[in-house]
Amino acid sequence: MPETNPPLKNDLVGDRVNLLGLDAAGLVALCASWGEKPFRAQQLLKWIHQRGVSEFDAMTDLARTLREHLAAKAEIRAPAVLTDHRAADETRKWLLDVGEGNAVEMVFIPETGRGTLCVSTQAGCAVDCRFCSTGKQGFSRNLRLDEVIGQLWWAEQALGGTTAGAERQISNVVFMGMGEPLLNYEVTLAAVRLMLDDRAYGLSRRRVTVSTSGVIPMMDRLREDCPVALAVSLHAPVDSLRDQLVPLNRKYPLDQLWLACSRYLQSAPRDFVTFEYVMLDGVNDSEAQAEQVLRWVADLPCKFNLIPFNPFPGSGLQRSTTDRISRFARRLSDAGIVTTVRRTRGDDIDAACGQLAGDVRDRTRRAERLEGKIIPIPIERPTALH
Ligand code: SAH
Ligand code: SF4
């Protein structure tokens, strides 16, 4: 598997450039190529990302000639929305068309005092974790910057947050949708930078979380380039099991992962790493394994987020019982580690993170599931057991 896949070029339709595919420097370069001053690029950045405007005519502080030029040569276009589902608990899920039969999903999870957008970075995923329906699809391609930042740009409009005076609903972004963000590194980095940019979305580093299965060299790059909150998908405390669950472990085993987390913490905006741990019945959820987790973590400052497995057809795996999850969580919290159990949100629309199959060709099977052939097990609200 390549360390990171090369980003695709900005999508050009005819001779139009999609401005969502350009970062701040890209907009400056575009303006320069048209003989415009750099401050024009700043104005454009604000119009597009801060105010969510897509009509060039509405960009009133740009000279008319520039607006006309933009109208002829550029566009602001997010991926087309195929479906929009709203769950009983107000979780929203959008299926986005990224062409050639590929679709990715994006989820918005509203909670008291905050709203989290879960974005995708790849169509499919090459890591092929044993328990992940995205991985089971194989890898189609990296999303481009316009497709990744376009998710936030579009969700801001859909949730009504970018018009002047309206309160933003998206306070947090997590890269926990489809794909391994650190295997689409350049695009992920550019998207993260736009999310943090005060002229764009102005989110704090602590409120943007990159989740990785453990691509160690890219964890180090992110630490140097733009450290944001980090979530690491651990799932097993020993190499023999993690090799099976997260095949990338064969390349980057647990002792190296521990060191990479420790290095990351030196620059991280939060003073802990969040470990995600999918709870698989009889596989990784015993109390003895919780003890092994504690031994592996040792003195690394961390929190644990236990994710009840979201079953999918043919996985051959089961979700741990609530009782086993509680015991596992208790072992960690008794040792002083803040441990939460993720509430499965949007179960009725199949919107739980990590459950994002997103392949339009897979719709029929998913429709069957929604009709109740597989009944989701209700899980308790997130419990800080500490
Ligand atoms: N590729 C990244 C981010 C996307 S997956 C990563 O693996 O971290 C986001 C989270 O969902 C990961 O922790 C992943 O392990 C988890 N996940 C994947 N499939 C799942 C499933 N079927 N049930 C529960 N969690 C799952
Ligand atoms: Fe890829 Fe993450 Fe799924 Fe593993 S869990 S296959 S890394 S998306």
Side-chain angles (χ1 to χ4, degrees), residues 2-13 15-33 41-42 44-54 70 73-81 94 96-100 102-106 117-125 139-157 162 170 173-203 205 208-212 215 218 221-222 225-226 228 358:
E3 217 88 279
T4 184
N5 301 299
L8 296 182
K9 290 218 170 66
N10 184 31
D11 188 25
L12 289 173
V13 173
D15 58 354
R16 278 175 198 275
V17 56
N18 186 356
L19 300 187
L20 288 179
L22 298 178
D23 59 8
L27 286 174
V28 170
L30 181 74
C31 285
S33 74
Q42 305 231 9
L44 258 179
L45 192 69
K46 286 187 185 169
W47 279 115
I48 299 165
H49 296 289
Q50 202 178 64
R51 303 187 189 131
V53 169
S54 56
L70 285 163
K73 297 272 181 209
E75 63 177 353
I76 298 168
R77 184 167 48 89
V81 174
W94 297 277
L96 307 173
D97 183 8
V98 291
E100 293 170 355
N102 289 311
V104 296
E105 288 176 332
M106 168 173 78
L117 188 73
C118 175
V119 297
S120 294
T121 52
Q122 298 180 315
C125 182
F139 174 69
S140 293
R141 70 168 174 87
N142 279 332
L143 300 190
R144 300 179 307 262
L145 178 58
D146 59 292
E147 293 167 327
V148 176
I149 203 67
Q151 294 172 57
L152 177 56
W153 183 87
W154 193 87
E156 289 275 16
Q157 329 297 314
T162 44
I170 300 169
V173 175
V174 294
F175 285 75
M176 294 184 186
M178 294 174 68
E180 168 51 59
L182 295 188
L183 288 177
N184 186 9
Y185 183 74
E186 299 299 339
V187 163
T188 296
L189 178 65
V192 166
R193 283 183 166 148
L194 277 172
M195 288 168 187
L196 303 185
D197 194 324
D198 282 337
R199 300 161 302 176
Y201 299 92
L203 295 171
R205 286 178 191 277
V208 175
T209 301
V210 170
S211 174
T212 181
V215 189
M218 297 300 142
R221 288 270 307 269
L222 188 66
D225 291 341
C226 190
V228 286

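This is a predicted model, so every value here is computed, not measured.
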Going by distance alone, is a donor N or O of one side chain under 3.5 Å from an acceptor N or O of the other, for Q122 and N184?
-> no

Please name all residues satisfying side-chain hydrogen bond (donor to acceptor under 3.5 Å, both in side chains) with T121, sequence neighbours left out, ordered by chain then number.
-> none

How many angstroms lie between atom OG of S54 and atom CH2 of W153, to the nearest 0.5 angstrom?
-> 4.5 Å

Pairing residues for D225 by the salt bridge (Lys or Arg N to Asp or Glu O under 4.0 Å) criterion, not counting sequence neighbours | R221

What pairs with W154 under side-chain hydrogen bond (donor to acceptor under 3.5 Å, both in side chains), at least two apart in sequence or on another chain?
-> none

With sequence neighbours excluded, what pairs up with E147 under the salt bridge (Lys or Arg N to Asp or Glu O under 4.0 Å) test?
-> R141, R144

Would you give me the side-chain donor-acceptor pairs under 3.5 Å for residues 21-31, sequence neighbours excluded?
| from | atom 1 | to | atom 2 | distance (Å) |
| --- | --- | --- | --- | --- |
| D23 | OD1 | A25 | N | 3.3 |
| D23 | OD1 | G26 | N | 2.8 |

Tell me, with the steps shown, if L194 and L45 meet side-chain contact (heavy atoms from CB on, under 4.5 Å).
-> CA-CA 9 Å; L194 277 172; L45 192 69; 3.8 Å; yes

Check step by step if side-chain contact (heavy atoms from CB on, under 4.5 Å) holds for L196 and V208.
-> CA-CA 8 Å; L196 303 185; V208 175; 3.9 Å; yes

Quick one: pull up CD in Q50 and CD in E156 and give me the separation to the nearest 0.5 Å.
-> 11.0 Å

Are any side-chain N or O atoms of D97 and backbone N or O atoms of A80, one a donor and one an acceptor, separated by less than 3.5 Å?
-> no

List for me each residue that meets salt bridge (Lys or Arg N to Asp or Glu O under 4.0 Å) alongside R199, sequence neighbours excluded, and say none if there are none.
-> D197

